[in-house]
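In what follows, a single structure is set out as structure tokens and then discussed.
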Amino acid sequence: MRDEEVIEHLDPTSEITLEVVKKRAVRGVMALTGRTIFLVLLGLVATFLLTVFLTPKEWGIFVLVSAFVNFLVYFSDVGLAGALIQKKDHPTRRELETTFAVQNGLAVVLITVVFLATPFYQRWAHLDQAAVYLLWALAISLLLSSLASIPSVLLERKLEFNRLVIPQIVGQTLYQIAAVFLAWHGIGITSFTIAVLVRGVSSLLAMYILQPWKPGLSFDKPALKGLLHFGIPYQVNTFLAVAKDDGMTVFLGGILGPVNIGLLGWAQKWTTQPLRLVMDPVTRVTFPAFSRMQNHPEELSRALTKSIFFICSLVFPALTGLVLLAPMLVSLIPKYGKWEPALLPLGILSVNYAWAAVTTPLTNVLNATGRIRTTFRLMVMWTILSWLFIPWLSHFYGVNGAAWGYALVGCSSAIAIFVTLKSIEVDLVEGAVKPLAAALIMGVVLAAGRQLLPVSWIAMFSLVVLGLAFYLGSVFLLVGPEIIVDIKKAALGIKGKAEV
């Protein structure tokens, strides 16, 4: 194929239109949300079973090892995939092959780094040999994921998220089934080791079946330079995000130890579920959609407001219900009393993730519209604050101190909102304040009901139904009939009536 040959985008004769972007973005959100709902529900069941079968120490080891590899993963990409997605013009074959060569070369280097760094991290985090094997399996899965990057980019540029979700569903489903089955049979940490390899191989095969692409290696210096112009700032921002999250977990392993990391990881796992359910699919779809709305500020503003509302209207009540009902669940579920020390961190961490529901769409639109430097400055601020507060508070106050550190950093998101509003118009009252008010009303009802009702499964289910009813009623009163119109539009997207 000639260097100047381009990869088909949506059709061979024209660029994707704004109307197509909006329609496919809606359908993409629905596809990714459906995928995420399935995987989150599967993950919730798997997490519950794994935290029944595993001890806090074993769970903590898994959290530590995963964080170490996740921290290194972001060195395997210099932002080239994001640059290809954000690129206005069609990517050429040479650009794709160059990206493929660079990313996989970096993946091989990082696998080598993991093997060389293993003895040092093993001593720092007090890991046994089973944990070391898990570490190596996660490193190998990094290469498997990198091999699937170009087919994923091609599908994402076309907003074909209904196909893109299939490899993720296949891989994650097999992973959860394998991990739970093996943990049930008492294999412990090795359950994750085998499950990780099963996920990596199955996802890779499924991706190439759905989006065939003949791998090739090239090194086009001009093409690489153009992609790096966007890619490096984009990836630096991503690296800063992982440095303050996974990097922090790696460092805290030496301060808190595996047991306390297990408690903190349990609290983080449950408080992040509402975000994973809603925010991840919306963010992934809106990034290419916002990129193609750059020259339509009014459309961009409306789309951003609706994306924030969609995220907040689901995340806020989910966090509120989780924090208020978790103590009842820990009391009711057999063998779950061991997680009672993590209930306070659970409530504190929910503050951080509530702020993230608002700020993540804002930073996403900054990236999509090329304002990478603004996002970079915000990420520097969050990273510095994280490393100032969290280790210090962890040293003096343990798990609860770490949770308070995360909450304090989350509150600094008010600065990010102020900065973003200076360059992009968005209606935060409509997008965030109204869902928050409805969630607070629901919280008051749940708190009162929990004091009046005995601890039982009937009481818990009654509170869930009561809280949901009050929340939906409050949202309808605050937002009005417009929410019904948006739901109908989403339903049309699901049914495919918005097809081009």
Side-chain angles (χ1 to χ4, degrees), residues 47 51 54-74 117 120-128 131 134-135 138 189 239-273 275 319 322-323 326-327 330 337-356 359 378-416:
T47 297
T51 50
L54 301 175
T55 65
K57 181 179 180 180
E58 290 173 326
W59 185 258
I61 289 173
F62 172 68
V63 171
L64 283 172
V65 172
S66 299
F68 181 71
V69 176
N70 289 340
F71 177 74
L72 293 176
V73 161
Y74 288 90
F120 305 99
Y121 189 60
Q122 185 178 11
R123 288 193 297 270
W124 169 258
H126 312 291
L127 303 179
D128 58 18
L134 173 60
L135 179 64
L138 286 166
I189 291 298
F239 168 71
L240 288 175
V242 80
K244 74 179 183 66
D245 294 330
D246 291 313
M248 181 61 65
T249 300
V250 171
F251 184 75
L252 290 178
I255 298 176
L256 298 176
V259 174
N260 286 327
I261 283 292
L263 296 173
L264 182 65
W266 182 88
Q268 288 177 321
K269 181 70 175 181
W270 290 113
T271 49
T272 55
Q273 291 308 304
L275 290 178
L319 287 174
L322 175 66
V323 171
V330 169
K338 59 190 173 185
W339 300 109
E340 187 175 355
L343 290 176
L344 180 56
L346 179 80
I348 299 171
L349 286 169
S350 66
V351 175
N352 183 42
Y353 297 115
W355 278 105
T359 55
L378 291 173
M379 291 308 304
V380 168
M381 176 192 74
W382 283 320
T383 303
I384 292 174
L385 290 176
S386 294
W387 284 91
L388 282 176
F389 287 116
I390 298 173
W392 182 75
L393 290 171
S394 298
H395 177 72
F396 287 102
Y397 303 104
V399 177
N400 295 335
W404 279 116
Y406 281 110
L408 288 173
V409 175
C411 291
S412 69
S413 296
I415 299 173

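Quantities reported herein were computed from a predicted structural model and do not represent experimental measurements.
Here the OG atom belonging to Ser413 is positioned 6.5 Å from the CE atom belonging to Met381, to the nearest 0.5 angstrom. The CD1 atom of Ile255 lies 8.5 Å from the CE atom of Met248; values are rounded to the nearest 0.5 Å. Once rounded to the nearest 0.5 Å, the distance linking NZ of Lys269 with OG1 of Thr47 reads 4.0 Å. A distance of 8.5 Å separates CH2 in Trp355 from OG in Ser412, rounded to the nearest 0.5 Å. Distance check, rounded to the nearest 0.5 Å: CD1 of Ile261 to CD1 of Ile61 gives 11.5 Å. Once rounded to the nearest 0.5 Å, the distance linking CZ of Phe62 with CG of Leu134 reads 7.0 Å.
When each of Val351, Leu344, Leu346, Asn352 is checked for a side chain to side chain contact (heavy atoms under 4.5 Å, CB included) with Ile348, only Leu344 meets the rule.
Taking the six-membered ring for Trp and the full ring otherwise, the centers of Phe389 and Trp404 sit at least 6.0 Å from each other.
The minimum heavy-atom distance between Tyr406 and Leu264, with the atom names listed, is CE1-CD2, 4.4 Å. Shown here for Pro258 and Leu64, the closest heavy-atom pair between the two residues is CA-CD1, 4.3 Å. Closest approach of Trp270 to Leu322, counting heavy atoms only: O-CD2, 3.3 Å. The heavy-atom pair separating Leu319 from Ser350 by the smallest distance is CD1-O, 3.7 Å. Annotation for Glu58 and Ile189: closest pair O-CD1, 3.2 Å, computed over non-hydrogen atoms. A pairwise comparison of heavy atoms in Pro327 and Val323 identifies CD-O, 3.5 Å as the closest pair.
Classified by interplanar angle (parallel below 30°, tilted 30° to 60°, perpendicular above 60°), the ring pair Trp59/Trp339 is perpendicular.
You'll find the side chain of Thr249 reaches within 4.5 Å of the side chain of Val63, heavy atoms only. Residues Leu349 and Gln268 have side chains in contact (heavy-atom distance under 4.5 Å, counting atoms from C-beta outward). Annotation: side chain of Val399 is not in contact with side chain of Pro341 (no heavy-atom distance under 4.5 Å). Using a 4.5 Å heavy-atom threshold, the side chains of Leu256 and Ser394 count as touching. With contacts defined as side-chain heavy-atom distances shorter than 4.5 Å, the pair Pro345/Asn400 qualifies. Side-chain contact check for Leu408 versus Leu385: every heavy-atom pair is 4.5 Å or farther apart. With a 4.5 Å cut-off on side-chain heavy atoms, Ile390 and Phe251 do not count as touching.
Within a 6.0 Å sphere centred on NZ of Lys338, heavy atoms belonging to other residues, nucleotides or ligands number more than 12.
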